[in-house]
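The structure appears right after this line, and notes come after that.
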Number of protein chains: 2
Amino acid sequence: MEAPEAVETIQREMTSFARRARASAGRLHPELSLVSYTLLGHLEESGGCRATDLAAHYALDKSTVSRQVGALERAALIERRQDPEDHRVQVLHLTDTGRRILAQVTDSRRTAFRERLAQWPQADLERFAEYLVRYNAWRGPAGSDPAPPAAP
Amino acid sequence: MEAPEAVETIQREMTSFARRARASAGRLHPELSLVSYTLLGHLEESGGCRATDLAAHYALDKSTVSRQVGALERAALIERRQDPEDHRVQVLHLTDTGRRILAQVTDSRRTAFRERLAQWPQADLERFAEYLVRYNAWRGPAGSDPAPPAAP
DNA sequence: CTAGCCTGGTTGCATAGTACAACTCAAGTG
DNA sequence: CACTTGAGTTGTACTATGCAACCAGGCTAG
């Protein structure tokens, strides 16, 4: 495969993936949207953070995050804690229920991925994982982000 | 990297990619959404097909496709041709404008990808492309599709 | 210390993209 | 000819999202 061709293929396949992800939105885990899932995941990883941090991290508008957070709170998956230092801030934390649901969803997704990747040689899995990390880690000149070459 | 860990990483990174693609939707090419873009792309590849084919191919509801097609037609990017054989059918074709716009968008996306992948060794590009193809080509037992672990 | 600015969040409003169901029109079948 | 099936359209509703306006708490310069 020539250099330009490989780039073309990567572009096409990543776009295809993004499109299918978009199209199948909401079908796998009715109880937890992709955005909600990633927000919960981030809260688990970070051990609690502010709505603003989530917005910045995922390039979402703060109003969007505000509403998502509101929904997650109503669903009792997260809770807000006043920051005694700064009363403007609400530090978000997973509730036990949130942790449980997140674990369930993660698990069923993992099962699906395992099935999909079952036939892959270990070495390929490792390289693929590494490439994806490298791809997603890229940070280009201010603002540019071809990762989402996607969705207009 | 251990086997389970590689699978975890792939899952996480693909999900992350899907989420960012979703979030950045509409920012890069205001004139053409991800869905519109892929629909146009499919029309170009296939050299014309029916709305129903698009719906089946992308797992979209026919009403959704109907509206998208309507928008694309209003934008003069595609045209409908009555099938003389079966009057129920409308075969969709790209217009010259559609081909031109599609080419422009494809080109600017390509540029973004090139930039992002510029530092990669050729061998890695080729393997990454191959892995993505293999991943996306997977077709599991009826209905399961972890690719879009995504978007609810 | 007060005025003005900055920051974290919420809310009103508008839009895109979807799905689902009911409907129309055409083609096939008995 | 009546029924059924396939392709598309339209009505309705919902979710996710962004932008702009706004509120309230904190910070900083006079």
Side-chain angles (χ1 to χ4, degrees), chain A residues 18-40 48-75 78-92 148 150-152, chain B residues 18-40 48-75 78-92 148 150-152:
Chain A
R19 199 218 45 72
R20 287 195 298 151
R22 179 89 183 76
S24 76
R27 282 201 269 280
L28 279 185
H29 303 285
E31 78 278 19
L32 209 50
S33 77
L34 171 63
V35 171
S36 297
Y37 174 73
T38 53
L39 293 185
L40 287 187
C49 68
R50 304 172 307 166
T52 296
D53 300 332
L54 294 176
H57 194 75
Y58 293 117
L60 291 169
D61 190 82
K62 58 184 182 169
S63 66
T64 300
V65 173
S66 174
R67 287 180 240 269
Q68 292 286 333
V69 164
L72 290 173
E73 188 189 30
R74 278 192 295 284
I78 65 176
E79 60 181 8
R80 317 184 196 212
R81 297 186 195 156
Q82 281 292 314
D83 180 336
E85 299 291 292
D86 185 338
H87 281 204
R88 292 170 305 181
V89 171
Q90 305 174 348
V91 184
L92 308 171
Chain B
R19 200 217 46 71
R20 286 197 298 152
R22 177 90 182 76
S24 77
R27 280 201 271 280
L28 281 183
H29 303 286
E31 77 279 18
L32 209 52
S33 78
L34 173 62
V35 171
S36 297
Y37 174 73
T38 53
L39 293 184
L40 287 187
C49 68
R50 304 173 308 166
T52 297
D53 300 332
L54 294 177
H57 193 76
Y58 293 117
L60 291 170
D61 190 84
K62 60 183 182 171
S63 66
T64 299
V65 173
S66 174
R67 287 180 235 270
Q68 291 286 330
V69 164
L72 290 174
E73 189 189 31
R74 278 192 295 284
I78 65 176
E79 59 182 9
R80 317 182 196 215
R81 296 185 194 155
Q82 281 291 316
D83 180 335
E85 299 291 292
D86 184 337
H87 283 205
R88 293 170 303 179
V89 170
Q90 305 174 347
V91 183
L92 308 171

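Labels below follow one simple rule: chain letters A, B, ... track the order of the sequence lines, proteins then strands, and each chain is numbered from 1. Remember, it's a predicted structure, so these values are computed and weren't measured experimentally.
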Sugar-phosphate only, base, or nothing, as touched by A/Thr52 at under 4.0 Å among non-hydrogen atoms: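 Result for A/Thr52 = sugar-phosphate.
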Sugar-phosphate only, base, or nothing, as touched by A/Arg50 at under 4.0 Å among non-hydrogen atoms: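 Answer is sugar-phosphate: A/Arg50 comes under 4.0 Å of backbone atoms only.
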Which distance, rounded to the nearest 0.5 Å, do you find between the [atom1] of [X] and the [atom2] of [Y]?
X       : Y       : atom1 : atom2 : result
B/Gln82 : B/Gln90 : CD    : CD    : 6.0 Å
B/Cys49 : B/Leu39 : SG    : CG    : 8.5 Å
A/Leu60 : A/Arg67 : CG    : CZ    : 12.0 Å

Any A/Gln68 side-chain N or O less than 4.0 Å from OP1/OP2 of D/dT15: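 So the side-chain polar atoms of A/Gln68 never come under 4.0 Å of the phosphate oxygens OP1 or OP2 of D/dT15.
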N/O (side chain, A/Thr64) to phosphate O (OP1/OP2, D/dG18) under 4.0 Å: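 For A/Thr64, the contact criterion (side-chain N or O under 4.0 Å from OP1 or OP2 of D/dG18) is met.
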Proximal nucleotide (of [options]) relative to the [X] side chain:
X       : options                : answer
A/Gln90 : D/dG11, C/dG9, D/dG8   : C/dG9
B/Ser63 : D/dG8, D/dC19, D/dG11  : D/dG11
A/Val35 : D/dT17, C/dA19, D/dC19 : D/dT17

Non-hydrogen side-chain atoms of B/Tyr58 and B/Val35 separated by less than 4.5 Å: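 No, every pair of side-chain atoms sits at 4.5 Å or beyond.
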Minimum side-chain heavy-atom gap B/Leu54-B/Leu92 below 4.5 Å: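 Yes, at least one pair of side-chain atoms sits under 4.5 Å.
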Reading 5' to 3' through nucleotides 25-30 of chain C, protein heavy-atom contacts under 4.0 Å coded B for base, S for sugar-phosphate only, - for none: -BS---
Donor/acceptor link under 3.5 angstrom from A/Arg80 side chain onto base of C/dG8: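 Under the 3.5 Å cut-off, the side chain and the base do not form any donor-acceptor pair.
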Side-chain-base donor-acceptor pair under 3.5 Å for A/Arg67 and D/dG18: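 When only heavy-atom distances are counted, A/Arg67 does reach the base of D/dG18 through a donor-acceptor pair under 3.5 Å.
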Can you tell me the distance, in whole Å, between the [atom1] atom of [X] and the [atom2] atom of [N]?
X       : N      : atom1 : atom2 : result
A/Lys62 : D/dA24 : NZ    : P     : 15 Å
B/Leu72 : D/dG8  : CG    : P     : 15 Å
B/Asp61 : D/dC14 : CG    : P     : 17 Å
B/Glu73 : D/dG8  : CD    : P     : 13 Å

Angle by which the axis turns from one end of the helix from C/dC1-D/dG30 to C/dG30-D/dC1 to the other, five pairs per end, to 10 degrees: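 The two end axes of the helix from C/dC1-D/dG30 to C/dG30-D/dC1 meet at 0°.
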B/Gln68 to B/Ser33 - nearest heavy-atom pair and separation: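 Looking at all heavy atoms of both residues, the shortest contact is OE1-OG, 4.3 Å.
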